Amino acid sequence: MKYQTIKGTFDRLPADAAKWRLIEETARVVLERFGAGEIHTPIFEDVGVFSKAAGDSSDIVRKEMYAFTDRGGRNLCLRPEATAGMVRAYLEHGFSSKPTPVKFWTFEPMFRGEKPQKGRERQFHQVGYEILGLSDPLADAEIIDAGVQLLSQLGIEEYVIHLGSVGDPEDRAAYNQYLRDTLSPAFARLSAESKERLELNPMRILDSKIESDQALLKELAVKPMLEFLGSEARDHFEAVQKCLTAWEIPFVVDSSIVRGLDYYRRTAFEFIHNSPALAGCSTILAGGRYDGLAEILGGQHTPGVGWGCGAERLILAIEAEKIDVPELEKPLVYVIPLDEESILYAHNVAREARRVAQSLAAYKVKGMGKALSDAEKFGARFAVIIGSNERETSILNIRELATREQFTVSLEEFGEWLFEQDFGSGLEANIRMLEAQLEA
RNA sequence: GUGGGUGUAGCUCAGUCGGUUAGAGCGCCGCUCUGUGGCAGCGGAGGUCGCGGGUUCAAAUCCCGUCUCCUACCCCA
């Protein structure tokens with residue numbers, strides 16, 4: 001084959017559909033319970049939406065954006081993340097005149113030109129949830145709660161919430177200055193990567209994986225960001241914690257939380273999965289507050305908090321925790337014609353059955369054994385056998401594949417019979433259950 | 001972007017010391033097969049041995065390059 005998917009992209013095949021649908025439908029049900037409206041922004045936008053938002057020093061902008069120029073000479077890029085586009089949409093459509101807050105959820109592909117590896121693709125997919133217009137710490141807590149609810153409804157349990165605060169811009173500036181002042185004298189002892197970080201983003205040094213860096217930090221007794229929070233950011237941080245505690249949502253305060261995107265303010269959090277299967281990509285959901293973003297995009301001040309949740313990593317977690325994924329609907333009936341004259345008749349029966357449930361009919365006559373075997377391979381529950389007898393008498397011969405029990409139903413009662421069947425095993429039923437569960 | 005590993009049929013994999021027309025199992029299609037069978041037997045389709053160079057009388061096999069995927073970094077969901 002000459003063509004194949006390009007590096008870091010993959011085809012989502014029918015065999016994977018159940019997991020993806022579980023994620024999307026669970027997100028829909030859970031997040032709409034929080035009042036979030038479904039939003040889909042374009043897959044590509046003016047490059048400025050993302051580059052201004054993320055900041056020129058971020059790795060995403062520096063080396064990971066799929067930027068291109070279209071025929072009109074516009075500088076565009078494939079979106080590397082969801083938030084900036086949603087804030088742009090909020091501003092563009094005047095959502096500030098809607099009752100506050102405005103909540104958005106989405107499930108969309110994102111694009112980053114990274115080297116692919118486990119839990120990291122060039123086209124990857126995120127569930128996103130944002131609360132816009134509210135600076136209240138209650139919104140931060142609620143957004144974290146929404147993440148908890150989403151994972152809980154998916155059955156994912158083996159994770160820890162890491163909560164931190166990156167403070168307000170002036171706090172961060174002060175802290176970065178402190179880091180430079182503290183680490184510069186020891187510049188020669190930093191790793192090559194950290195030497196670069198000291199210029200660009202000193203906070204990155206804190207979560208360096210290089211032992212010598214960590215040893216140096218310890219030796220110099222480098223203070224955490226949290227000690228540099230201004231009084232407002234500190235009050236905000238404490239209020240968020242108070243809410244989470246009241247809601248019995250466990251979390252650990254993690255002062256090393258750093259953000260790759262410049263627009264974050266105050267609250268930052270990551271849901272980190274414990275499974276070794278997610279080693280190196282254990283952050284399954286991450287987000288924070290970005291009160292300055294709207295202004296960066298040229299709009300009026302609009303506080304916001306939100307998170308993104310990586311679907312590919314969610315799938316790894318679902319697999320690691322061996323979570324039962326509800327199967328998609330399979331055919332209720334597979335209609336078998338026994339002679340040439342019955343083929344069209346068989347398809348007529350299948351059409352009738354499709355008014356109620358998924359149904360198939362064979363396109364050619366085969367031996368009965370093969371035909372029943374086909375029915376089973378297609379996952380059908382019942383085989384409906386059509387031959388001259390059935391056509392003449394208008395009585396359908398129905399065989400339940402699993403039990404091998406056979407019985408007859410007259411053609412006129414067939415519709416009624418279809419409705420009596422149990423469809424309880426499919427995902428749709430599962431979602432109905434989920435909704436009922438949330439109702440309670 | 002850097003390092004390591006990898007690549008033969010749709011899938012899982014054989015393929016000797018470099019040797020002539022590259023194999024198996026499963027799957028797919030067909031026949032035996034005319035309504036109680038899901039079996040079994042037989043047959044068929046499907047391959048630029050990732051791609052491109054090189055060495056050689058001869059390359060899936062040896063050498064170089066390149067790409068993919070996996071993986072560790074950087075970084076991130």
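Keep in mind that the numbers below use all heavy atoms, side chains included, and drop hydrogens, waters and symmetry copies. The sequence lines fix the lettering, A, B, ..., with proteins before strands; numbering per chain opens at 1. Note that the coordinates shown come from a computational prediction; the quantities given were computed from them, not determined experimentally.
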Salt bridge (charged side-chain N to carboxylate O under 4.0 Å, His left out) pairs, two or more places apart, involving [range]:
range                       : answer
residues 36-47 of chain A   : Arg28(A)-Glu38(A), Glu45(A)-Arg88(A)
residues 272-293 of chain A : Asp140(A)-Arg289(A), Arg289(A)-Asp291(A)
residues 330-351 of chain A : Glu327(A)-Lys330(A), Asp339(A)-Arg391(A)

Distance between the [atom1] atoms of [N] and [M], in whole angstroms?
N       : M       : atom1 : value
rA72(B) : rG41(B) : P     : 45 Å
rU8(B)  : rA14(B) : C1'   : 10 Å
rC42(B) : rU55(B) : C1'   : 46 Å
rG15(B) : rG7(B)  : P     : 12 Å
rU6(B)  : rG47(B) : P     : 27 Å
rG27(B) : rU21(B) : P     : 31 Å
rG5(B)  : rC75(B) : P     : 24 Å
rC29(B) : rC74(B) : P     : 50 Å

Between [atom2] on [N] and [atom1] on [X], what's the gap in Å once rounded to a whole number?
X         : N       : atom1 : atom2 : value
Gln406(A) : rG35(B) : CD    : P     : 14 Å
Phe124(A) : rC75(B) : CZ    : C1'   : 12 Å
Lys115(A) : rU2(B)  : NZ    : P     : 7 Å
Lys370(A) : rC33(B) : NZ    : P     : 13 Å
Ile257(A) : rA77(B) : CD1   : C1'   : 14 Å
Ile398(A) : rU36(B) : CD1   : C1'   : 16 Å
Glu121(A) : rC75(B) : CD    : C1'   : 15 Å
Glu392(A) : rG35(B) : CD    : P     : 14 Å

What is the nucleic acid contact for [X], judged by heavy atoms within less than 4.0 Å: base, sugar-phosphate only, or nothing?
X         : result
Glu340(A) : nothing
Glu270(A) : nothing
Asn397(A) : base
Leu338(A) : base
Asp339(A) : nothing
Leu401(A) : base

Notebook entry, point to check: Of Gly113(A) and His125(A), whose closest RNA chain B nucleotide lies nearer the 5' terminus?
Noted result: Gly113(A)

Note to self: Using heavy-atom distances to pick each residue's nearest nucleotide on RNA chain B, tell me which of Gly287(A) and Lys366(A) is more 5'.
What the structure shows: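 On the 5' side of the pair lies Lys366(A).
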
Taking atom types as modelled, is there a side-chain donor on [X] or [Y] under 3.5 Å from an acceptor on the other?
X         : Y         : value
His40(A)  : Glu108(A) : yes
Glu352(A) : Asn348(A) : no
Glu390(A) : Tyr345(A) : no

Within the pair [X] and [N], is there a side-chain N or O less than 4.0 Å away from OP1 or OP2?
X         : N       : answer
Gln117(A) : rC73(B) : no
Lys377(A) : rC28(B) : yes
Lys364(A) : rG30(B) : yes

Margin query: On the side chain of Glu114(A), is there an atom forming a donor-acceptor pair with the base of rG1(B) - under 3.5 Å, no angle test?
Written below: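 In this structure, the two groups form no donor-acceptor pair.
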
Check: Looking at rC75(B), does its base get a donor-acceptor pair with the side chain of Arg112(A) below 3.5 Å?
Finding: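 No pair found.
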
Item checked: 5'-to-3' dot-bracket of RNA chain B (Watson-Crick, G-U; under 3.5 angstrom; crossing pairs as [ ]; | other strand) -> (((((.(..((((.....[...)))).(((((.......))))).....(((((..]....)))))).)))))....

Tell me, please, which residues at least two apart from [X] pass salt bridge (Lys or Arg N to Asp or Glu O under 4.0 Å).
X         : answer
Arg266(A) : Asp168(A), Glu232(A)
Lys223(A) : none
Glu158(A) : none
Glu295(A) : none

Margin query: Checking contacts here: which listed nucleotide (rC75(B), rG38(B), rA77(B)) is nearest the side-chain heavy atoms of Glu64(A)?
Written below: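 Side chain of Glu64(A) sits closest to rC75(B).
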
Checklist line | Nearest to side-chain heavy atoms of Lys118(A), which nucleotide of rC39(B), rU71(B), rA77(B) | finding: rU71(B)

Next item on the list: Please identify each residue that fulfils side-chain contact (heavy atoms from CB on, under 4.5 Å) with Ala27(A), with sequence neighbours left out.
Entry: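 Partners of Ala27(A) by the side-chain contact (heavy atoms from CB on, under 4.5 Å) criterion, ordered by chain and then number, come out as Leu31(A), Trp105(A), Val127(A), Leu150(A).
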
Check: When you check the gap from the basic side-chain N to the acidic O, do Lys103(A) and Glu130(A) get nearer than 4.0 Å?
Finding: no

Note to self: Under the rule for side chain to side chain donor-acceptor pair (under 3.5 Å), what residues qualify as partners of Glu376(A), not counting sequence neighbours?
What the structure shows: none

Notebook entry, point to check: Are Tyr334(A) and Phe382(A) near enough that their ring centres are under 6.0 Å apart?
Noted result: no

Short N/O separations, protein against nucleotides 7-13 of chain B, under 3.5 angstrom:
none

Identify the pairs formed between an N or O of the protein and an N or O of nucleotides 65-69 of chain B at a distance under 3.5 Å, and give each distance.
from, atom 1, to, atom 2, distance (Å)
rC69(B), OP1, Gly8(A), N, 2.8

